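Reviewing the structure listed below.
Being a predicted model, the structure only gives us computed values, none of them experimental.
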Amino acid sequence: MSAHDIGTEYFRVVNDKFAELKRSAEKAIAQVPDDKLNWSLNEDSNSIAVIVHHMSGNMISRWTDFLDSDGEKEGRDRDSEFEGTVASRDELLDIWNRGWGVFLQALSSLGGDDLLRTVYIREKPHSVLEAIERQMSHYSSHIGQIIYIAKQIQSDAWETLTIPRRKN
């Protein structure tokens, strides 16, 4: 297998994995009542709405002009992503889809020849491969949080997103 083929396969896999993560979070969010989207366990914990704000802000900052500018854009107000609430499910989904749209469009524009190019995040050089894997880890952890929060909110009404445990 050539390096080009490996790059093509890598992008097929990561595009599929990110799409799978997005779907899992959306299935979890769909189970949460509107009045619980801003719920958090305590003052130091994040709600689903806060996590969505943060992920979207991160995606827009990191993936806008991805190859040519630092991933931490000057206009980003990261701290504000952890404050406030959303007024509605529609607003939450608009924020969510805006970030994912920027991210997935940028990701789909890349090819195997880009994997070893250098990009910057907070002025630190990363290969494109490293930057993608950094985001895979970051987004996976936050989607795990979304799913966990949704599961706690729904309790016995939770509908599993994967293979259900055996019921005795």
Between Arg23 and Glu26 (salt bridge meaning N to carboxylate O under 4.0 Å), is one present in this structure? no
Closest heavy-atom pair, Leu92 versus Ala49, reported as atoms and distance to 0.1 Å, is CD1-CA, 3.5 Å
So CG of Leu21 and OG of Ser140: to nearest 0.5 Å the spacing works out to 4.5 Å
Quick one, Asp77 and Asp79 - any side-chain contact, counting heavy atoms below 4.5 Å? yes
Given the rule in the ring pair (Phe, Tyr, Trp, His ring centres under 6.0 Å) test, do His54 and Phe82 qualify, once you have shown the distances and angles that lead to the verdict? CA-CA 7 Å; His54 170 61; Phe82 295 93; 4.6 Å; yes
Common cluster, Leu161/Val32, ILVMFWY with side-chain heavy-atom separation under 4.5 Å: yes
Give a yes or no on whether the backbone of Gln154 and the side-chain of Gln31 come within a donor-acceptor separation of less than 3.5 Å. no
Among the clusters formed by ILVMFWY side chains lying less than 4.5 Å apart, do Ile146 and Met136 turn up in the same one? yes
Has the side chain of Lys22 got a donor or acceptor atom that lies under 3.5 Å from a matching backbone atom of Asn97? no
May I ask you to test the Trp158-Gln152 pair for a side-chain heavy-atom distance under 4.5 Å? no
Using a 4.5 Å cut-off on heavy atoms from C-beta on, say whether the side chain of His53 contacts that of Val86. yes
If hydrophobic clusters are built from ILVMFWY residues whose side chains come within less than 4.5 Å, do Leu104 and Val13 share one? no
List the steps, then state whether side chain to side chain contact (heavy atoms under 4.5 Å, CB included) holds for Val128 with Leu116. CA-CA 6 Å; Val128 167; Leu116 298 179; over 6 Å; no
Counting only heavy atoms not in Leu67, do more than 12 fall under 6.0 Å of its CG? yes
Residues which pass side-chain hydrogen bond (donor to acceptor under 3.5 Å, both in side chains) with Lys17, listed by chain and number, not counting sequence neighbours: none
Indicate if Val52 and Tyr148 have the same hydrophobic cluster label, given that clusters are the connected sets of ILVMFWY residues with side-chain heavy-atom separations under 4.5 angstrom. no
Are Trp63 and Gln105 close enough, and set up right, to give a side chain to side chain contact (heavy atoms under 4.5 Å, CB included), and what steps lead you there? CA-CA 9 Å; Trp63 296 93; Gln105 191 284 324; over 6 Å; no
Close side-chain approach of Lys124 and His126, heavy atoms under 4.5 Å: yes
Could you tell me whether the side chain of Val50 reaches within less than 4.5 Å of the side chain of Glu81, counting heavy atoms only? no
Quick check: do Leu93 and Arg98 have side-chain heavy atoms less than 4.5 Å from each other? no
Greater than 12 external heavy atoms within 6.0 Å of Asp156's CG: no
Flag if over 12 foreign heavy atoms under 6.0 Å of NZ, Lys151: no
Go through Val102 and Met59 one step at a time and tell me if the side chain to side chain contact (heavy atoms under 4.5 Å, CB included) criterion holds. CA-CA 7 Å; Val102 169; Met59 289 173 172; 5.6 Å; no
With distance as the sole test, does Asp70 use its side chain to make a donor-acceptor pair with the main-chain N or O of Arg122 at under 3.5 Å? yes
Quick check for you: to the nearest 0.5 Å, what is the distance between Ile51 atom CD1 and Gln145 atom CD? 4.5 Å
Just by modelled atom types, is the Glu20 backbone N or O under 3.5 Å from a matching donor or acceptor in the Ser24 side chain? yes
Hey, does Met55 have a side-chain heavy atom less than 4.5 Å from the side chain of Ile95? no
Chi angles and distances behind the side chain to side chain contact (heavy atoms under 4.5 Å, CB included) call for Glu72, Ser61: CA-CA 6 Å; Glu72 189 64 23; Ser61 182; 4.2 Å; yes
d(Ile48 CD1, Ser40 OG) to nearest 0.5 Å is 11.0 Å
When you measure from the side chain of Asp114 to the backbone of Gly111, do you find a donor-acceptor pair of N or O atoms at a distance under 3.5 Å? yes
Atom CD1 in Ile60, atom CH2 in Trp100: separation rounded to 0.5 Å? 12.5 Å
Answer whether the closest heavy-atom distance between the side chains of Arg134 and Arg62 falls below 4.5 Å. yes
CD1 on Ile29 to CD1 on Ile143, rounded to 0.5 Å: 8.5 Å
Considering only residues two or more places apart or on different chains, which pairs with a residue in residues 9-52 satisfy ring pair (Phe, Tyr, Trp, His ring centres under 6.0 Å)? Phe18-Phe103
State the OH-CD1 distance between Tyr139 and Ile132, to the nearest 0.5 angstrom. 11.0 Å
Nearest non-hydrogen partners of Val119 and Ala131, listed with the distance: CG2-CB, 3.8 Å
